[in-house]
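Let me begin by presenting the structure, written as structure tokens, before commenting on it.
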Amino acid sequence: MTIEVVSENMSHGGRQLVVRHASPACRCDMTFSIFLPPQSEGGNVPVVWYLSGLTCTHANVTEKGEYRTACAELGLAFVAPDTSPRGDDVPDGDGYDFGIGAGFYVDATEEPWSWNYRMWTYVTDELPRLVASEFPVDMDRQAITGHSMGGHGALTVALNFPDRFRSVSAFAPIVAPSQVPWGQKALTGYLGDDRATWRKHDAVALIQHGARVTDLLVDVGTADQFLEQELRPELIERACADAGVALTLRRQQGYDHSYYFISTFMANHLAWHAERLS
């Protein structure tokens with residue numbers, strides 16, 4: 001695949017790039033950002049994948065995530081894909097929580113979404129192959145994290161590919177989309193009414209049915225306006241306890257759902273990943 005570097009800026013001794021490419025999976029142009037720390041000048045470095053939440057693009061975390069200082073110190077590449085296909089020919093949904101900006105990291109099977117909305121294939125196959133071929137990253141040392149819808153994506157990707165990722169964390173994730181309005185709307189719209197097809201995209205259901213990772217780090221804010229209805233961290237807390245999965249669930253007093261929350265704890269998450277990637 002041919003890539004186009006849309007922008008490149010030096011930061012913290014490394015390089016922050018925004019990249020566009022034609023995506024066979026999503027059948028449109030896709031854009032992602034990648035930060036390469038100064039250590040990448042001397043060889044391949046570990047990579048942290050960051051999946052964003054509803055309405056976001058790569059730009060939200062790139063501009064507000066405050067990850068570059070920690071990534072430069074720890075020698076971590078940081079990749080942030082978009083949340084959905086985009087373009088004049090890409091169908092859109094009703095509301096902010098379905099359609100463009102809300103791909104939910106699944107491969108849609110329902111019309112008209114199935115032609116473009118193939119974010120599962122994009123983030124688990126196409127984009128990793130592209131990044132590995134074009135940039136100095138060590139694909140034997142991968143970690144994944146994300147926020148909200150992207151936290152859901154990070155958890156489900158890691159649980160489906162436990163041998164690929166050395167660590168997984170999440171900020172305010174949707175842990176059980178099958179049980180909350182955001183997830184029920186998206187999974188019905190993209191995958192249809194058969195709930196058996198939803199299971200691989202529900203972290204709590206995956207853990208309950210035997211999927212395992214070594215440990216998990218999850219942060220939620222106690223002032224998050226979506227905490228009780230959409231996020232429901234107590235469900236993954238219970239599932240991990242029942243399954244013997246080591247979960248560190250931190251309820252951060254007074255923090256909400258915004259990037260003020262994410263940026264506050266980003267460096268801590270990256271240090272946690274770096275320990276497991278070393």
Output the distance between atom SG (Cys71) and atom CG (Leu270), rounded to the nearest 0.5 Å.
4.5 Å

Are the aromatic rings of Phe32 and His58 close, with centres under 6.0 Å apart?
no

Using only atom types and a distance under 3.5 Å, with no angle test, would you say the side chain of Asn160 pairs donor to acceptor with the backbone of Lys200?
yes

Answer whether the closest heavy-atom distance between the side chains of Phe78 and Thr62 falls below 4.5 Å.
no

For a side chain to side chain contact (heavy atoms under 4.5 Å, CB included) check, start with the C-alpha distance between Thr197 and Arg199, then their side-chain angles and the critical distance, and finish with the verdict.
CA-CA 6 Å; Thr197 66; Arg199 186 177 300 162; over 6 Å; no

Taking the side chain as every heavy atom from C-beta outward, state whether Cys26 and Met119 have any atom pair closer than 4.5 Å.
yes

Ile34 versus Leu36, closest heavy-atom pair with distance:
CD1-CD2, 3.8 Å

Value rounded to 0.5 Å, distance of OG1 in Thr2 from CD in Glu4
10.5 Å

With sequence neighbours excluded, give me every salt bridge (Lys or Arg N to Asp or Glu O under 4.0 Å) pair touching residues 39-59.
Arg15-Glu41

Look at the rings of Phe98 and Tyr190 and say which category their plane angle falls in: under 30° parallel, 30 to 60° tilted, over 60° perpendicular.
parallel

Dump the intermediate steps for salt bridge (Lys or Arg N to Asp or Glu O under 4.0 Å) on Arg129 and Asp125, then the final yes or no.
CA-CA 6 Å; Arg129 286 190 290 108; Asp125 180 42; 3.0 Å; yes

Does the side chain of Val220 come within less than 4.5 Å of Gln252's, by heavy atoms?
no

Using a strict cut-off of less than 4.0 Å between a Lys/Arg side-chain nitrogen and an Asp/Glu carboxylate oxygen, indicate whether Arg251 and Glu237 qualify as a salt bridge.
yes

Does one hydrophobic cluster hold both Ile236 and Val245, with members joined at side-chain heavy-atom distances below 4.5 Å?
yes

Just checking, is any N or O donor in the side chain of Glu111 or Ser114 under 3.5 Å from an acceptor N or O on the other one?
yes

Can you measure from CD (Gln16) to OG (Ser11) and round to the nearest 0.5 angstrom?
7.0 Å

Step by step, work out the side chain to side chain contact (heavy atoms under 4.5 Å, CB included) result for Tyr255 and Thr222.
CA-CA 6 Å; Tyr255 284 90; Thr222 61; over 6 Å; no

Which heavy atom of Trp49 sits nearest a heavy atom of Met139, and at what distance?
CZ2-CE, 4.2 Å

Below 4.5 Å, heavy atoms only, C-beta onward: do Pro81 and Tyr122 meet side chain to side chain?
yes

Which of Leu217, Leu216, Val218 passes side chain to side chain contact (heavy atoms under 4.5 Å, CB included) with Leu249? Answer is Val218

Establish, for the pair Arg276 and Trp272, whether the NZ or CZ atom is under 6.0 angstrom from the six-membered ring centre and no further than 45 degrees off its axis.
yes

So do Val45 and Leu76 actually touch side chain to side chain, heavy atoms under 4.5 Å?
no

Side-chain contact test, heavy atoms from C-beta onward, threshold under 4.5 Å: evaluate it for Met266 versus Val61 and give yes or no.
yes

Is the side chain of Ser84 donor-acceptor paired with the backbone N or O of Ile100 at a distance under 3.5 Å, no angle test?
no

Given side chain to side chain contact (heavy atoms under 4.5 Å, CB included), test Val157 with Tyr105 step by step and report yes or no.
CA-CA 9 Å; Val157 168; Tyr105 304 103; 5.6 Å; no

Tyr260 backbone acceptor or donor facing Ser263 side chain under 3.5 Å:
yes

Which atom pair, heavy atoms only, marks the closest approach of Ile144 to Ala158?
CG2-CB, 4.0 Å

Flag side-chain contact, heavy atom, 4.5 Å: Arg27 against Pro85:
no

Heavy-atom pair with the smallest gap, counting every atom of Gln229 and Pro181:
NE2-CG, 3.6 Å

Hey, could you give me the CD1/CG distance between Ile262 and Asn60, rounded to the nearest 0.5 Å?
8.5 Å

Trace of the side chain to side chain contact (heavy atoms under 4.5 Å, CB included) decision for Val48 with Val79
CA-CA 6 Å; Val48 177; Val79 181; over 6 Å; no

Passes salt bridge (Lys or Arg N to Asp or Glu O under 4.0 Å), Asp29 versus Arg20? Steps please.
CA-CA 7 Å; Asp29 285 349; Arg20 181 185 299 123; 5.0 Å; no

According to salt bridge (charged side-chain N to carboxylate O under 4.0 Å, His left out), who are the partners of Asp82, at least two apart in sequence or on a separate chain?
Arg86

Can you sort out the partners of Glu234 under side-chain hydrogen bond (donor to acceptor under 3.5 Å, both in side chains), two or more places apart, ordered by chain and number?
Arg232

Could you pull out all residues at least two apart from Tyr117 that satisfy side-chain hydrogen bond (donor to acceptor under 3.5 Å, both in side chains)?
none

Correct closest heavy-atom pair for Ala186 and Phe104 would be CB-CD1, 3.4 Å

Donor-acceptor pair, distance only, cut-off 3.5 Å: does the side chain of Asp242 make one with the backbone of Ala239?
no

Does atom CD (Gln184) have a neighbourhood of more than 12 heavy atoms from anything else shown, all under 6.0 Å?
yes

Would you say Ser278's side chain and Glu275's backbone share a donor-acceptor pair under 3.5 angstrom?
yes

For the NE2 atom of His21 and the CD atom of Glu126, what is their distance to the nearest 0.5 Å?
5.5 Å

Would you call Asp138-Arg141 a salt bridge at under 4.0 Å N-O?
yes

Looking at Ala72 and Pro37, what are the two nearest heavy atoms and their distance?
CA-CB, 4.1 Å

Residues clustered with Val6, ILVMFWY side-chain links under 4.5 angstrom:
Val18

Distance-only side-chain donor-acceptor flag, Ser148 / His257, under 3.5 Å:
yes

Check for me whether the distance between the ring centres of His201 and Trp120 falls short of 6.0 Å.
yes

With a 4.5 Å limit on heavy-atom distance, are the side chains of Arg238 and Leu235 in contact?
yes

Would you confirm whether Asp97, through its side chain, and Trp182, through its main-chain N or O, come within 3.5 Å as a donor-acceptor pair?
no

Distance-only donor-acceptor check, side chains Ser258 and Asp256, under 3.5 Å:
yes

Let me confirm one number: the CD1-CZ distance from Ile3 to Phe135, rounded to the nearest 0.5 Å.
4.0 Å

When the side chains of residues 163-175 are checked against the rest of the protein, which donor-acceptor pairs come out under 3.5 Å, sequence neighbours left out?
| unit_1 | atom_1 | unit_2 | atom_2 | d |
| --- | --- | --- | --- | --- |
| Arg164 | NH1 | Thr124 | O | 2.6 |
| Arg164 | NH2 | Thr124 | O | 3.3 |
| Arg166 | NE | Asp140 | O | 3.2 |
| Arg166 | NH2 | Asp140 | O | 3.3 |
| Ser167 | OG | His273 | ND1 | 2.6 |
| Ser169 | OG | Thr145 | OG1 | 2.9 |
| Ser169 | OG | His269 | ND1 | 2.9 |
| Ser169 | OG | His273 | NE2 | 2.8 |

If you count heavy atoms of other groups shown closer than 6.0 angstrom to NZ of Lys185, is the number above 12?
yes

